[in-house]
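Here the structure is a predicted model, which is why all the values come from computation and not from measurement. Throughout, protein chains are lettered first and strands after them, A, B, ... in sequence-line order, and every chain is numbered starting at 1.
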Number of protein chains: 2
Amino acid sequence: MLSIKEITKQTGITVRTLRYYDEIKLLVPAGKTEGGHRLYGEKELKKLQEIQFLKMLGFSLKEIKEMLSDKTRDWQEGLQNQLQYVIKEKEKLAEIEKTLIGLMNGITIDGDVNLSEVQKMIHLYQGSYEERNAYRDQMFCEEEKVLLDLLPNMNSRDSDSLEWVLLLGQLKQHLDKDVTAPQVQKIIQRMYEKTIETFGDNDVFFNKLWAVRKSPEKSKKMGFYPIEDEVLDFFERAWQVFESKQK
Amino acid sequence: MLSIKEITKQTGITVRTLRYYDEIKLLVPAGKTEGGHRLYGEKELKKLQEIQFLKMLGFSLKEIKEMLSDKTRDWQEGLQNQLQYVIKEKEKLAEIEKTLIGLMNGITIDGDVNLSEVQKMIHLYQGSYEERNAYRDQMFCEEEKVLLDLLPNMNSRDSDSLEWVLLLGQLKQHLDKDVTAPQVQKIIQRMYEKTIETFGDNDVFFNKLWAVRKSPEKSKKMGFYPIEDEVLDFFERAWQVFESKQK
DNA sequence: AGTTGAAACTTACGTAACGTCATTTTGTAT
DNA sequence: ATACAAAATGACGTTACGTAAGTTTCAACT
């Protein structure tokens, strides 16, 4: 029989954690001394290491408890779910990363964070929240439905759209400059990369999207945030410059 | 002045959350009715959206509070830190993802999870935890020191090493089969990919590493988990088959 | 056997960011 | 004045432990 100290030495797990596992009955000691000190056997040590392993994979203690108690359980399913979760989290983090980088670029270019502009965009972008759900699922022509299906993430407020908002906000900063200015083109380039990521090489959908956006009523109907004509025109001109330079 | 309901409609933030923000003084309403109902102004709405934005980037409420209160604060630093954090988390998740995929492959190949073997490896791999720290920082020849510096993640128990353990565990399952068996070669391929990731194209370090591992005393001295000669030999033979097929 | 210091024990609060009741007040329309 | 929605407060629940505070047990030494 191994004392609790022995276990901590061999696993690096703290005493508190072991007591906690005992408390939630995840890992109950094999026995106790008459004084109440916990005693663990080899079997418990093994189980503890299984717990450690599963924890590293990101499972919760509750899940681990179920997995280890129910021997007939379908592991495949649990692993599959966990994998899906991990992949999603990774993507979210990737978007956040890009947004952060974008923000930092914005700072270094402009010398200022300019949260107010950015969040004004977000405000517009989020729309009235209730109106949006009211419009959804009704009154769309087929073509628009296709667009909506292809772009589920463009009109929900997730971290992916965040960068679009940010980029447009940054673009808005440079309306007074020339569309060929390096700061402007840098932003456009990022936008270009992002469309590639989203739509792949072909830009059919992208063009359609912008066509819809340019029609104010449709834009509103589809739940997109309105973009001022100024910005739209500026963007188009800058985009054309960028495209011509690509060739 | 806007009622709390108005705010939830425009932002999608729940009443409870607004009350919580009031409680922790992150966002205090502009005023109250005589009856105690919260009233918000445009300024508060704006701040709330800033909070939302920062939250999407993964900042904690405490951090956001500081960022928004201290206008002179150096945002660059906070963003930089957050970026570092996000990148690390992403890497961790990537490792977990690979391990999960490895596990699932193991299942589909063997039809069994075989946690016992895996965790036996982990047990060995983790060693006695204290012994490890005792040996570290003393009694290494220069060459070994270089190796240790290049492989900080190989002898600490992080999720990266997890897959190595896993792969070796899987390999051990197939000791009875031929080294050219597709299951074996599949494992070897994953190992190959992983060495590329870790060491780049050149395999000098990798060979040295295995040289060290093949010497039992050195292996123990450097804190690596011991690998049975059986497994080592099997691995080497399988590796050679794989390499020859590459050309 | 008695003492003592280390180790283990229990109890309980703290963490982050709210969700979810339960209960009571306030606002507003009729 | 009354009814009903909406807002208020209070308190507990959630995760996986960390961190005291105060008490008891263990093992060794005299």
Side-chain angles (χ1 to χ4, degrees), chain A residues 1-40 44 47-68 82 85 89 92 96 130 159, chain B residues 1-40 44 47-68 82 85 89 92 96 130 159:
Chain A
M1 289 295 177
L2 304 159
S3 77
I4 202 169
K5 189 59 168 295
E6 271 303 312
I7 304 290
T8 68
K9 265 196 238 172
Q10 289 188 38
T11 63
I13 291 174
T14 69
V15 176
R16 175 65 175 109
T17 299
L18 288 170
R19 285 202 272 255
Y20 179 64
Y21 289 173
D22 185 6
E23 188 186 332
I24 63 173
K25 289 168 196 160
L26 173 61
L27 183 74
V28 181
K32 291 198 177 188
T33 69
E34 39 181 296
H37 287 198
R38 277 163 256 258
L39 293 173
Y40 296 86
E44 282 72 29
K47 183 169 178 182
L48 187 54
Q49 274 146 1
E50 288 173 354
I51 292 170
Q52 269 190 112
F53 179 74
L54 263 4
K55 254 192 49 181
M56 288 177 105
L57 295 182
F59 289 99
S60 75
L61 293 188
K62 191 189 287 184
E63 290 165 332
I64 293 174
K65 194 174 165 184
E66 284 171 13
M67 294 169 93
L68 293 183
Q82 187 67 8
Y85 170 74
E89 279 301 300
K92 260 177 65 180
I96 290 176
E130 284 208 328
S159 56
Chain B
M1 287 297 175
L2 305 159
S3 76
I4 201 169
K5 188 59 168 293
E6 271 304 312
I7 304 288
T8 67
K9 266 196 235 172
Q10 289 188 39
T11 61
I13 290 174
T14 69
V15 176
R16 175 63 174 113
T17 300
L18 287 169
R19 284 202 272 257
Y20 179 64
Y21 289 173
D22 184 8
E23 188 185 331
I24 64 173
K25 288 167 197 161
L26 173 61
L27 183 74
V28 181
K32 294 201 176 185
T33 68
E34 37 181 298
H37 287 197
R38 275 163 256 259
L39 293 173
Y40 296 87
E44 281 72 28
K47 183 168 177 182
L48 188 53
Q49 274 147 3
E50 288 174 353
I51 291 170
Q52 270 189 112
F53 180 73
L54 264 4
K55 253 192 50 178
M56 289 177 105
L57 295 182
F59 288 100
S60 75
L61 293 187
K62 192 189 286 183
E63 288 165 334
I64 293 174
K65 194 174 167 185
E66 283 171 14
M67 293 169 94
L68 292 182
Q82 188 66 10
Y85 170 74
E89 280 299 302
K92 258 177 64 180
I96 290 176
E130 282 208 328
S159 55

Residues Glu44(A) and Lys47(A) bridged, charged N to O under 4.0 Å: no
Tabulate protein N/O versus nucleotide N/O from nucleotides 14-16 of chain C, keeping only pairs under 3.5 Å, one per line.
unit_1	atom_1	unit_2	atom_2	d
dA16(C)	OP1	Lys62(B)	NZ	3.4

Let me test you: for the helix from dA1(C)-dT30(D) to dT30(C)-dA1(D), what is the angle between the axes at its two ends (five pairs each), rounded to 10 degrees? 30°
What contact category does Ile4(A) fall into here, base, sugar-phosphate, or nothing, at under 4.0 angstrom with non-hydrogen atoms? sugar-phosphate
Output the distance between atom CG (Leu27(A)) and atom NZ (Lys65(A)), rounded to the nearest 0.5 Å. 11.5 Å
To the closest 0.5 Å, what do you measure between OG1 (Thr33(A)) and CG (Leu39(A))? 6.0 Å
So does Thr33(A) get a side-chain nitrogen or oxygen closer than 4.0 Å to the phosphate oxygens (OP1/OP2) of dC26(D)? yes
Within the structure, does a side-chain N or O atom of Lys5(A) lie under 4.0 Å from either OP1 or OP2 of dC9(C)? no
Does dC18(C) have OP1 or OP2 sitting under 4.0 Å from an N or O in the side chain of Lys55(B)? yes
Over all strands shown, is Arg19(A) touching base, sugar-phosphate only, or nothing at heavy-atom distances under 4.0 angstrom? base
How many angstroms lie between atom CG of Leu48(A) and atom OG1 of Thr8(A), to the nearest 0.5 angstrom? 10.5 Å
Within less than 4.0 Å of OP1 or OP2 of dG19(C), is there a side-chain N or O belonging to Thr17(B)? yes
